[in-house]
Each structure stands twice: as C-alpha cells, then as structure tokens.
2 protein chains.
Amino acid sequence: MPKSALRQQLNLSEAVEDYLKAIYQLHEAAQRAGETSARVTTTALAGALGVAPGSVTGMIKKLADDGLVNHRPYYGVDLTATGERLALEIVRHHRLLELYLTLVVGFGWDEVHEQADALEHAISEEFEDRIDSILGGPTVDPHGDPIPSKEGLLPEMVALPLSQCAPDAARALVIARVLTQATDLLRYLAGLGLVPGARIVLLGREPFDGPLHVRVVGDDDTPHAISFQVASLLSIAAPDPDTPH
Amino acid sequence: MPKSALRQQLNLSEAVEDYLKAIYQLHEAAQRAGETSARVTTTALAGALGVAPGSVTGMIKKLADDGLVNHRPYYGVDLTATGERLALEIVRHHRLLELYLTLVVGFGWDEVHEQADALEHAISEEFEDRIDSILGGPTVDPHGDPIPSKEGLLPEMVALPLSQCAPDAARALVIARVLTQATDLLRYLAGLGLVPGARIVLLGREPFDGPLHVRVVGDDDTPHAISFQVASLLSIAAPDPDTPH
DNA sequence: AAGCAGATTTTGGCATACCTCAATAGTAAC
DNA sequence: GTTACTATTGAGGTATGCCAAAATCTGCTT
Ligand SMILES: [Mn+2]
Ligand SMILES: [Mn+2]
Ligand SMILES: [Mn+2]
Ligand SMILES: [Mn+2]
C-alpha cells in the first residue's frame with residue numbers, strides 16, 4: 001500500500017480540507033487554553049473560515065455523513081479518528097510548505113502563511129516527501145509549530161506561555177513557538193529577535209498583567225518591554241538543562 | 001502599479017484558467033500544424049479539458065461576456081488580447097514550475113506535468129518571481145517549451161520537426177523541444193538520450209513515412225530507429241552555425 | 001424553581017459556478 | 001437537398017455559499 005492512500009482516494013475538496021484543518025486547530029487552541037474535552041462551535045468555525053454560520057451547519061452535516069466528524073446538534077463538532085488523520089495531513093502540508101518557503105525559497109516568516117494556505121491543497125504526496133527530505137525531516141515550522149509526521153503523529157511539546165513565567169534574571173528561557181500568523185506582529189517580533197530558538201531572560205514584569213521586561217541573549221542586550229498580550233503568544237520550552245543560572 | 005495586477009484583481013477560477021490555457025495551447029498547436037488563423041473548436045476544447053461539449057459552450061459564453069474570448073457561434077473561439085495575456089500567465093506558471101520541479105526538487109521530466117497543472121493555479125506572483133530568479137530567468141522548460149516572459153512575450157522559436165529533416169550524416173541537429181507530455185513516451189525518449197539540447201545525426205530514413213535512423217552525439221554512438229510519429233514530436237532548432245559538417 | 005431574554009444554531013429558500021445528458025439547431029460536403 | 005457532423009440549448013445535478021426565520025439552549029431574574 002502506497003504512502004498516504006487516504007487523501008488520494010478520498011479526494012477531498014479544498015473546502016472540506018479547510019474545514020477539517022480549522023476544526024483541528026480550534027480544538028487544539030481550546031486545549032492549549034485549558035478547556036477540557038473541547039468541542040468546536042459553529043460560530044468559531046464560521047469565524048475562522050470567514051463564512052456564515054448557516055454554511056458551517058450545512059458542511060458539518062456532510063462531514064458527519066462522511067464519518068469525518070461527530071456532530072452533536074447545538075453542541076458542536078469533534079473530529080473522528082479519520083477526520084483527525086486527514087486534518088493532520090493538511091497541517092503537515094501547511095507547515096512543511098511554510099518551512100520550505102522560508103528556508104529554501106527565501107520568504108520571510110511573515111509571508112508564508114497565506115501562500116501555504118493555497119499550496120497545501122495543491123501539492124502531491126511526492127512533493128510533500130521531497131520537501132520533507134530536502135529539509136531533513138524537520139519537526140517544527142518557522143513559527144515553532146510542530147509538524148505532524150507522515151503517519152499523523154505530533155511531537156508532544158511541553159511549553160508554557162511567557163506570560164506565565166516567573167522573572168529570573170539568572171536563567172535563560174528558550175522561545176519554542178510563536179502563536180500568531182499576523183504579518184505585522186510577526187515582523188515586530190522578528191525585529192526584537194523574539195523568534196523560535198531565541199534565548200531570552202525575563203528581567204521583570206509589571207503588575208496587573210502589565211508589560212514584561214525581557215532581554216534577548218546574544219542581542220545587543222538592550223531590554224525590551226512587551227505587552228502581556230504579546231507575551232502570552234510566546235511559548236517557552238521546558239527548562240533547558242544546558243543553560244544553568 | 002505592481003507586477004501582474006491583472007491576474008490578482010480578476011481572480012479567475014481554476015476552471016477559467018484551465019479553459020484559457022487550453023484555448024491558447026490548441027491555437028498554438030494548430031498554428032504549428034500550419035492551419036491559418038485557427039479558431040479553436042468546441043469539441044477540441046472538450047477533449048483537451050475532459051468535459052462534455054455542452055459544458056464548453058456554457059463556459060465559452062461566460063468568457064465571451066467577460067471579454068476574454070471572441071465567440072463566433074458554430075465556428076469556435078479566439079482569445080482576445082486580455083484573454084491571451086492571462087493564458088500566457090498560466091503557461092508561464094506551468095513551465096516555470098515544471099523546470100523548478102526538475103532542476104531544484106529533483107523530479108523527472110516525465111513527472112512534472114500533472115504537478116504543474118495543479119500548482120499553476122495556487123502559486124503567488126511572488127513565488128513565481130522567486131522561481132524565475134532562482135532559475136536565472138530561464139527561457140525554456142524541461143521539454144523545451146518556451147517560457148513566456150513576465151510581460152507576456154514568447155521567445156520566438158524557429159524549429160522544424162525532425163520528421164521533416166533531410167538525412168545528412170555530416171551535420172549534427174540540435175533537439176530544441178519535445179512535443180509531448182505522455183509519461184511513458186518521455187521516459188522512452190530520455191532512455192535514448194533524445195532530450196532538448198541533445199545533438200543528433202539523422203543517418204537515414206525509410207520511405208513511406210517509415211522509421212528514421214538517428215545517432216545521439218556523445219552517446220555510445222549506437223544508432224537508433226524511431227518511428228515517424230515520434231520524430232514528428234521532436235523539434236529541431238534552426239541550423240547551428242557552431243557545428244559545421 | 002420557573003421563565004424569560006439574549007445568544008447560538010439550525011432550517012429553508014435562494015444564488016452561483018460548474019458539470020452531464022439528451023434534444024434541437026446549424027454547417028458543410030456530397 | 002439530404003446527410004453526417006458539430007454546436008447549442010434546456011433540464012437537471014452537486015458543491016458551496018448567503019440570508020433571514022425558526023428552533024434551541026443558557027444564564028439571569030424573580
Ligand atoms: Mn486552505
Ligand atoms: Mn506556522
Ligand atoms: Mn490546471
Ligand atoms: Mn512542458
């Protein structure tokens with residue numbers, strides 16, 4: 001049996017692929033936010049996809065008929081095993097493409113999201129495999145988002161938002177992931193050196209969810225103040241034993 | 001004014017792009033075959049696109065309304081200046097992608113046509129520009145098909161089918177272009193070394209449109225016999241002054 | 001505890017973009 | 001002019017979308 005027979009033979013429409021991906025990502029975001037057993041809501045989907053709620057209900061019914069989601073009317077949807085498998089394939093395409101477009105084609109990390117959104121539906125499984133091997137089997141994309149394996153497994157990431165870290169001038173924290181796709185925000189962060197892999201020191205923080213003071217290690221060492229909001233989008237990797245005090 | 005404003009703002013559907021490209025290519029093929037002022041026929045389009053003739057009539061009417069083709073009912077279509085400009089953009093995407101997929105990604109010349117057919121609709125103008133510059137502003141694709149410029153101009157190629165060349169054991173001919181996309185045929189030709197840029201000697205030919213005997217210069221010099229049919233798909237470049245007798 | 005108000009979801013009617021098939025209309029060649 | 005193609009038309013299908021009305025849920029007020 002060939003590689004990803006599933007996607008090939010099911011021949012999903014672009015719309016279906018987008019719905020599955022959006023359901024997956026909304027579910028993931030809810031989990032990250034601590035919601036337990038998060039079903040995805042019709043309005044959330046409508047918002048994410050830029051369509052009317054009525055359109056979502058219609059599509060959800062088709063997805064449920066096709067066995068890709070479980071739908072409890074008025075309570076939201078849930079991916080089935082098959083649905084999640086397919087969603088992860090699209091996510092894999094998207095993230096491999098983002099990395100390829102930055103590393104090989106030379107785009108900035110703020111330019112690749114929209115392009116990957118279009119290309120993720122158009123690349124062949126063979127192209128996917130080539131990208132993967134050209135990049136050496138990468139596990140994260142330019143924003144630090146984990147890339148699902150060909151088999152549909154996600155590297156488990158243990159990470160905490162910077163906004164929840166305690167100041168410690170003696171310990172460097174490593175940015176693992178940046179949870180936004182907004183072009184201007186990405187450019188702002190890159191300007192400060194706040195990108196995945198960067199080591200930063202959390203110098204202090206103002207009370208009442210006020211700004212955080214950070215210094216980027218290896219930079220010109222100027223401290224920067226960033227908003228609580230922005231800090232909550234920066235995922236800090238689990239404490240790095242290689243960098244003690 | 002930015003680069004290719006046209007395609008961006010018109011936001012053509014994939015179907016429309018495919019129709020325009022097919023009309024352009026059928027027109028081109030007819031011209032190559034010597035037909036004068038060739039309008040493209042409904043059945044020809046239906047055949048090329050794999051749809052029913054009735055579907056073609058319907059789409060043609062929309063394209064005519066949008067000013068992309070001229071339609072003389074019962075006589076066929078013709079691209080308008082705008083339509084041809086757009087068709088050339090799609091062709092440019094297609095051929096740049098084919099070359100990129102072979103040269104950079106490592107696919108064989110027999111594997112890239114279908115992939116380019118899907119990707120040509122999905123790449124951004126920026127990606128197009130990057131591919132062009134990564135490849136150094138190429139003028140022909142892996143099959144020797146000319147790549148339209150960003151401005152929509154085609155390098156004029158003077159070429160003659162090998163099937164119409166006179167044998168001349170003392171003169172090397174250069175293959176400029178291979179006029180097929182059939183996977184198995186492309187593999188056969190590559191196996192014989194009959195690819196664009198190859199120098200060959202036409203040793204002789206059997207009468208009644210029979211096989212042609214050719215030798216590939218720099219090969220193991222074994223002569224090969226190829227059918228008249230296949231020879232008619234090989235375009236020979238205008239006589240090369242660098243390679244006398 | 002019941003019920004009401006507001007928000008959310010679904011439904012039903014309709015639109016657009018393509019597509020097919022079969023019937024009709026037009027063209028061209030003998 | 002009849003005939004054999006070829007093209008167009010018309011009826012109807014699927015996929016997706018929107019809008020507005022009806023249904024349902026939920027939390028707040030009493
Ligand atoms: Mn998408
Ligand atoms: Mn990403
Ligand atoms: Mn295409
Ligand atoms: Mn080609």
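So you know, we letter chains A, B, ... as the sequences are listed, proteins then strands, and number each from 1. Just so it is clear, the structure is predicted and the values come from calculations on it, not from any experiment.
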A:Leu20 vs A:Gln25, side-chain contact (heavy atoms from CB on, under 4.5 Å): CA-CA, chis, key distance, verdict: CA-CA 9 Å; A:Leu20 292 176; A:Gln25 289 180 331; over 6 Å; no
Any [X] side-chain nitrogen or oxygen under 4.0 Å from OP1 or OP2 of [N]:
X: B:His71; N: D:dT8; value: yes
X: B:Tyr75; N: C:dA28; value: yes
X: B:Lys62; N: C:dT16; value: no
X: B:Thr41; N: D:dA7; value: yes
X: A:Tyr74; N: D:dA22; value: no
X: B:Ser55; N: C:dT20; value: yes
X: B:Ser13; N: C:dA17; value: no

Taking atom [atom2] of [N] as reference, at what distance in whole Å does atom [atom1] of [X] sit?
X: A:Ile60; N: C:dT8; atom1: CD1; atom2: C1'; value: 12 Å
X: A:Leu49; N: D:dC18; atom1: CG; atom2: P; value: 10 Å
X: B:Met59; N: C:dT20; atom1: CE; atom2: C1'; value: 15 Å
X: B:Asp65; N: C:dA17; atom1: CG; atom2: P; value: 11 Å
X: B:Arg72; N: C:dG26; atom1: CZ; atom2: P; value: 14 Å
X: A:Leu10; N: D:dA15; atom1: CG; atom2: P; value: 14 Å
X: A:Lys61; N: D:dT14; atom1: NZ; atom2: C1'; value: 16 Å
X: A:Glu14; N: D:dG17; atom1: CD; atom2: P; value: 10 Å

With side chain to side chain donor-acceptor pair (under 3.5 Å) as the test, pick out the partner of A:Glu120 among A:His94, A:Arg95, A:His93.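 Among A:His94, A:Arg95, A:His93, the one meeting side chain to side chain donor-acceptor pair (under 3.5 Å) with A:Glu120 is A:His94.
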How close do A:Leu45 and A:Tyr19 get, counting heavy atoms only, and between which atoms?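 Smallest heavy-atom distance, with atoms named: CD2-O, 4.3 Å.
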Considering only [options], which nucleotide approaches the side chain of [X] most closely?
X: B:Thr42; options: D:dT6, C:dT10, D:dT8; value: D:dT8
X: A:Thr43; options: C:dT9, C:dC18, D:dC18; value: C:dT9
X: B:Thr57; options: C:dT8, D:dA7, C:dT20; value: D:dA7

Could you check A:Pro73 against A:Gly50 and say which one's nearest nucleotide on DNA chain D is further toward the 5' end?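 Checking each residue's closest nucleotide, the 5'-ward one belongs to A:Gly50.
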Quick one: does NZ or CZ of B:Arg72 land under 6.0 Å from the six-membered ring centre of B:Tyr75, within 45 degrees of the ring axis?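 Positive - B:Arg72 is close enough to the ring of B:Tyr75 and near enough to its axis.
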Can a side-chain donor-acceptor contact be found between A:Ser227 and A:Gln229 if the only test is distance below 3.5 angstrom?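 Side-chain D/A pair, A:Gln229 to A:Ser227: absent.
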